[in-house]
Amino acid sequence: MVFWKRLFSNSSDSVTSALNSNFKGEFLDIEGETNSQRRIFLSTERDINLYELEELCDAVGWARRPLRKVKQALNHSFLVVSMWEVEKNQRRLVGFARATSDHAFNATVWDVVVHPSCQNKGLGKALIKYMIHQLRNKDISNITLFADPQVIDFYRRLGFVLDPEGIKGMFWYPN
Ligand SMILES: CC(C)(COP(=O)(O)OP(=O)(O)OC[C@H]1O[C@@H](n2cnc3c(N)ncnc32)[C@H](O)[C@@H]1OP(=O)(O)O)[C@@H](O)C(=O)NCCC(=O)NCCS
């Protein structure tokens, strides 16, 4: 089985040209990965092409949202995490998640996605662990999210608790 092993900082010429030198983040070392040319990179940079993000969301069948509003949502997010596949001097967005926050106690994670071609390799787990790590570094202690029914166990494995002390999520929608 392929799974993530460790995070480390690194750079090489081809990677630098694929990501550009301002793009900061960390590489993910994938155990069992045979293609040494292919690297996975995690970043909190917000410089994300909205069309590329839309393509990623299309790939998992999510309903399209107006890009103007997606841009606004990204701009107003507390944390944006992107995951890139870097090969030779090309990069491809393969994962994404963002969090909103009160900047003091609470953060809520939204829009968690890994491209189908990269699923079941431990990348989703690495993405969420990275998100938690970044939020903990910002002294956020309460991290919540809304899980689709089919991914509850994915989040459970990462330490998320369903309905702690019977607390229920409640929603209000316009009629
Ligand atoms: C949910 C998603 C992010 C998981 O990403 P992934 O890269 O395939 O997940 P991983 O390979 O890191 O899996 C980590 C663990 O969770 C398990 N897992 C993955 N998807 C799961 C699912 N849908 N249900 C239950 N367990 C799941 C894996 O078996 C693995 O278990 P292990 O640690 O015991 O080996 C990805 O499937 C996805 O993008 N789905 C479509 C979008 C979506 O549903 N997003 C969530 C909205 S709330």
Side-chain angles (χ1 to χ4, degrees), residues 1-8 25-35 37-46 48-67 69-74 76-87 91-101 106-136 140 142-164 167-173:
M1 180 176 172
V2 182
F3 56 95
W4 80 288
K5 197 167 65 177
R6 70 197 161 96
L7 294 169
F8 61 98
E26 295 174 75
F27 283 102
L28 190 63
D29 202 9
I30 308 170
E31 194 165 289
E33 175 69 61
T34 49
N35 181 358
Q37 297 295 308
R38 194 178 77 104
R39 309 288 301 278
I40 298 292
F41 190 76
L42 278 160
S43 177
T44 54
E45 295 289 327
R46 285 155 190 262
I48 296 170
N49 181 316
L50 294 181
Y51 294 101
E52 215 177 339
L53 180 58
E54 186 172 67
E55 228 174 85
L56 175 61
C57 297
D58 282 353
V60 296
W62 283 352
R64 282 205 170 175
R65 300 177 294 186
L67 291 188
K69 294 194 84 171
V70 173
K71 185 172 191 285
Q72 240 175 342
L74 260 62
H76 293 284
S77 290
F78 181 61
L79 185 68
V80 174
V81 173
S82 55
M83 183 179 259
W84 304 85
E85 183 185 66
V86 181
E87 194 160 14
R91 75 175 191 200
R92 178 172 80 112
L93 183 67
V94 294
F96 178 86
R98 67 184 180 93
T100 50
S101 176
N106 305 291
T108 306
V109 178
W110 304 94
D111 301 339
V112 176
V113 57
V114 171
H115 193 280
S117 66
C118 297
Q119 288 178 9
N120 301 313
K121 295 178 177 176
L123 298 188
K125 188 176 176 173
L127 182 71
I128 297 297
K129 282 191 166 184
Y130 188 69
M131 171 68 90
I132 293 171
H133 179 72
Q134 296 291 328
L135 290 172
R136 295 296 294 127
I140 297 293
N142 190 28
I143 303 173
T144 52
L145 54 79
F146 301 96
D148 287 344
Q150 70 276 14
V151 291
I152 288 173
D153 282 343
F154 165 71
Y155 290 116
R156 263 207 188 111
R157 285 162 204 254
L158 284 155
F160 286 87
V161 178
L162 193 65
D163 299 342
I167 296 167
K168 298 283 178 198
M170 295 180 77
F171 296 76
W172 181 92
Y173 292 116

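Atoms considered below: every heavy atom in the structure, side chains included; atoms not considered: hydrogens, waters and symmetry mates. Along the sequence shown, residues carry numbers from 1. We count ligands from 1, going down the list as the structure has it; atoms in each ligand are counted the same way.
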Requested in this report: Report yes or no: does R46 contribute a side-chain atom to a donor-acceptor pair with the main-chain N or O of L74 at less than 3.5 Å?
Outcome: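 Yes; at least one donor-acceptor contact below 3.5 Å.
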>> Do E54 and V70 make a side-chain contact, defined as non-hydrogen atoms from C-beta onward lying under 4.5 Å apart?
In response: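 Side chain of E54 against side chain of V70, heavy atoms only: no contact under 4.5 Å found.
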Polar-atom distance check: [X] versus ligand 1, any N or O pair below 3.5 Å?
X    : value
G124 : yes
V114 : yes
Q150 : yes
K125 : yes
A126 : no
K121 : yes
G122 : yes

- Would you kindly specify which portion of R157 sits under 4.0 Å from ligand 1, judged on non-hydrogen atoms: side chain, backbone, both or neither?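 R157 to ligand 1: side-chain contact only, backbone stays beyond 4.0 Å.
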Below a 4.0 angstrom heavy-atom separation, can you tell me which part of W62, side chain or backbone, both or neither, approaches ligand 1?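 Under 4.0 Å from ligand 1, W62 contributes side-chain atoms alone.
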Taking the six-membered ring for Trp, is the centroid-to-centroid distance between F154 and F160 below 6.0 Å?
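For F154 and F160, the ring centres are not under 6.0 Å apart.
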Hey, which atoms in ligand 1 end up nearer than 4.0 Å to a heavy atom of [X]?
X    : result
Y155 : 46 (C), 48 (S)
N120 : 6 (P), 7 (O), 8 (O), 11 (O)
D153 : 25 (C)
F146 : 48 (S)

Go through the side-chain N and O atoms of [X] and [Y] and say whether any donor and acceptor fall under 3.5 Å apart.
X    : Y    : result
T144 : T108 : yes
R98  : T44  : no
S43  : W84  : no

Nearest option to atom 1 (C) of ligand 1, as decided by whichever heavy atom of V60, V151, D148, L127 sits closest: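 Considering heavy atoms of V60, V151, D148, L127, the nearest to atom 1 (C) of ligand 1 sits in V151.
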Between R91 and E85, is the closest basic N to carboxylate O distance under 4.0 Å?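 Judged by the 4.0 Å cut-off on N to carboxylate O distance, E85 and R91 do not form a salt bridge.
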What is the distance from atom NE2 of H115 to atom CG of L123, rounded to the nearest 0.5 Å?
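Nearest 0.5 Å value for the NE2-CG distance: 12.0 Å.
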Item to complete: Looking only at non-hydrogen atoms, find the nearest pair between F96 and V80 and report the distance.
Response: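 Distance-wise, the nearest heavy atoms are CE1-CG1, 3.6 Å.
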